[in-house]
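What you see is a predicted model, and the numbers here were worked out from it, not measured in a lab.
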Amino acid sequence: MKRVFVAIAVLIGLHIVALGTLCAVFPMNFQYDNTYGKDTEVESFEFYVGGGLSGGFHYKAKVWRDAMGYHLYYKNQRGFEDTFSLTKFEYLMCADLRQEDVDEMVAYEGSRISDGFMTVVRIKFKGKDEIEIPRKCYDASKFEIPIDSVLDIAEFKMAHLDNDYFVKLNRQICGYQLKYGVPFSTFSYRKYYESSSSTMKRISFYKGVSGRRSSEELNEFINECISNRFFSEDRPSASHDFMTKDSTVVSLHGHKAYMKAKESGGIAYIFISSSERETVEIYAPVPEGMTFEEYKQDVCKILNDANNGYLLGNAVLAETAALFAASLVTAVVLYCVREKSSES
């Protein structure tokens, strides 16, 4: 029996040492789910969207807070309907609107197109009456950003994507923007599984509807990055030259990647791509009081933290599996030794 306890103690000690070593090899400084004491005056934000060419497309969502916490209700035309619990951080991602944003939405006349999506909005600020904005077709590039934020969170909840690498990376970026009071930020990622198969998600951390217009110079850079997103690390090409020249080397999802960045008029666009056919785009103003270079350095730190977290998670799984195997072998060996001693 003494041998069993000694073996268990040794295995536990090795496990602790291994975990400590892994944490040292893959250091992290996560800002995950930290609200930094921020809050919003919005008590509820609700909308109904319907229309399109066929007229059969529609969905409804509502985020609100009460004494029980933060909540998200979502229903779509496919018959899905559910209510999810949110963290305060997620609620801020969905409902951090300002009175001036609502005033702009009220004043907007609405686009006049025959197959547009019509939206009804209801919003209630703390201590004020609920505001209802009648159905209208909004400019998607500006006014639908807060709606998209809610839909993004709903999709993550439906698909159980909270532990997805890119969703976690987005939360890191959103936490950073929240910390420094950035008025808006859009995070997009694209993952290619095969040459003919890909997924693309655009995730918006919303706070404000104004100031989203890019300069012509920045738009040209954005288009150039997107048109050169396909490249192979070991094959010469114009896209490879563009992505690797004057770029910052970072790590993305466990792979080497290249970061291109440009700032114009206080708004920065950062594009990250790896030869594994995975890309990330970050579009946001440079935080007030910070230089563009300082902002880029912070984004690099966030990317490295997220990558270290991914590698650490894989390493811990491998180490735990190795510990389990070692424990099993140890138990078998001790059993055989004991049986042999009994026969003697």
> With a 4.5 Å heavy-atom cut-off, do Y91 and V42 have their side chains touching?
Replying inline: yes
>> Is there a continuous path of hydrophobic side-chain contacts, each under 4.5 Å between heavy atoms, that joins V63 to F84?
In response: yes
>> Quick check for you: to the nearest 0.5 Å, what is the distance between F89 atom CZ and C94 atom SG?
In response: 10.5 Å
> Between K124 and K128, is there a donor-acceptor pair closer than 3.5 Å when you use the side chain of the first and the backbone of the second?
Replying inline: yes
>> If I compare all heavy atoms of S44 with all of K62, which pair ends up nearest, and what's the gap?
In response: CB-CE, 4.1 Å
> According to a 4.5 Å side-chain heavy-atom criterion applied to Ile, Leu, Val, Met, Phe, Trp and Tyr, with indirect links allowed, do W64 and V120 form part of one hydrophobic cluster?
Replying inline: no
> Can a salt bridge be assigned to the pair E132 and R122 using a cut-off of 4.0 Å between side-chain N and carboxylate O?
Replying inline: yes
>> Any side-chain to backbone donor/acceptor pair from S149 onto I147? Under 3.5 Å, distance only.
In response: no
> Any side-chain heavy atom of T119 sitting closer than 4.5 Å to one from R135?
Replying inline: no
>> What verdict does the salt bridge (charged side-chain N to carboxylate O under 4.0 Å, His left out) test give for D39 and R65, after you've listed the backbone C-alpha separation in whole Å, the side-chain angles of each residue and the deciding distance to 0.1 Å?
In response: CA-CA 12 Å; D39 207 344; R65 62 179 177 182; 2.9 Å; yes
> Is F47 close to V150 at the side-chain level, that is, under 4.5 Å between some pair of heavy atoms?
Replying inline: yes
> Any side-chain heavy-atom pair from D298 and M290 closer than 4.5 angstrom?
Replying inline: yes
>> Working to the nearest 0.5 angstrom, can you tell me the gap between E217 CD and S264 OG?
In response: 4.5 Å
> If you measure only the distance, is there a donor-acceptor pair under 3.5 Å linking the side chains of Y73 and E81?
Replying inline: yes
>> Testing the basics here: between C300 and M259, what is the closest heavy-atom pair and its distance to 0.1 Å?
In response: SG-CE, 3.5 Å
>> Measuring from atom NZ of K60 to atom CG of N76, what distance do you get when rounded to the nearest 0.5 angstrom?
In response: 13.0 Å
>> Are L151 and Y59 packed together at the side-chain level, in the sense that at least one heavy-atom pair is separated by less than 4.5 angstrom?
In response: yes
>> Parallel, tilted or perpendicular: which one describes the rings of F221 and Y269, with boundaries at 30° and 60°?
In response: perpendicular
> Side chains of N228 and E224: is there a donor and an acceptor less than 3.5 Å apart?
Replying inline: no
> Would L303 and N307 satisfy side-chain contact (heavy atoms from CB on, under 4.5 Å), going step by step from the backbone distance to the final call?
Replying inline: CA-CA 6 Å; L303 289 167; N307 192 69; over 6 Å; no
>> Tell me whether R229 contacts the main-chain N or O of I226 through its side chain, where contact means a donor paired with an acceptor under 3.5 Å.
In response: yes
> Looking at I123 and V102, what are the two nearest heavy atoms and their distance?
Replying inline: CD1-CG2, 3.8 Å
> Is the closest side-chain heavy-atom distance between Y70 and T87 below 4.5 Å?
Replying inline: no
>> If I compare all heavy atoms of Y108 with all of K136, which pair ends up nearest, and what's the gap?
In response: O-NZ, 2.6 Å
> Which atoms form the tightest heavy-atom contact between L86 and K157, and what is the distance?
Replying inline: CD2-CE, 4.0 Å
>> Take a 6.0 Å sphere around NZ of K296 and say whether it holds more than 12 heavy atoms from other residues, nucleotides or ligands.
In response: yes
> Which distance, rounded to the nearest 0.5 Å, do you find between the SG of C174 and the CD of E90?
Replying inline: 10.5 Å
> Got a second to check how far K168's NZ is from N170's CG, nearest 0.5 Å?
Replying inline: 13.0 Å
>> Out of the candidates D164, I282, I272, I302, only one should pair with L169 under the side chain to side chain contact (heavy atoms under 4.5 Å, CB included) rule; please name it.
In response: I302
>> Is there a side-chain hydrogen bond (donor to acceptor under 3.5 Å, both in side chains) between E278 and Y165? Walk through the geometry before answering.
In response: CA-CA 12 Å; E278 294 180 333; Y165 171 84; over 6 Å; no
> Y48 and M118: same hydrophobic cluster, using ILVMFWY side-chain contacts below 4.5 Å?
Replying inline: no
> Could you go step by step and tell me if I267 and Y283 meet the side-chain contact (heavy atoms from CB on, under 4.5 Å) rule?
Replying inline: CA-CA 7 Å; I267 297 178; Y283 177 87; 3.7 Å; yes
>> Measuring from atom NE2 of H255 to atom CD of E276, what distance do you get when rounded to the nearest 0.5 angstrom?
In response: 4.0 Å
> Does one side chain, of Q177 or S185, offer a donor that lies under 3.5 Å from an acceptor on the other?
Replying inline: yes
> Is the side chain of N223 donor-acceptor paired with the backbone N or O of N219 at a distance under 3.5 Å, no angle test?
Replying inline: yes
> Is the number of heavy atoms from other residues, nucleotides or ligands under 6.0 Å of D66 CG greater than 12?
Replying inline: yes
>> Using only atom types and a distance under 3.5 Å, with no angle test, would you say the side chain of T40 pairs donor to acceptor with the backbone of L92?
In response: no
> Taking the six-membered ring for Trp, are H253 and F166 parallel (under 30°), tilted (30 to 60°) or perpendicular (over 60°)?
Replying inline: perpendicular
>> Using side-chain heavy atoms (C-beta onward) and a distance below 4.5 Å, is V249 in contact with K256?
In response: yes
>> Between F187 and V280, is the side-chain contact (heavy atoms from CB on, under 4.5 Å) condition met? List the steps.
In response: CA-CA 7 Å; F187 175 100; V280 164; 3.7 Å; yes
>> How close do H240 and S232 get, counting heavy atoms only, and between which atoms?
In response: CD2-O, 3.2 Å
> Step by step, would you call F271 with K262 a side-chain contact (heavy atoms from CB on, under 4.5 Å)?
Replying inline: CA-CA 9 Å; F271 183 80; K262 191 175 186 63; over 6 Å; no
>> So does T291 get a backbone contact from the side chain of E294, meaning a donor-acceptor N/O pair under 3.5 Å?
In response: yes
> Within 45° of the six-membered ring axis of F242 and under 6.0 Å from that ring's centre, is NZ or CZ of K260 located there?
Replying inline: yes
>> So L97 and F45, do their side chains get closer than 4.5 Å, heavy atoms only?
In response: yes
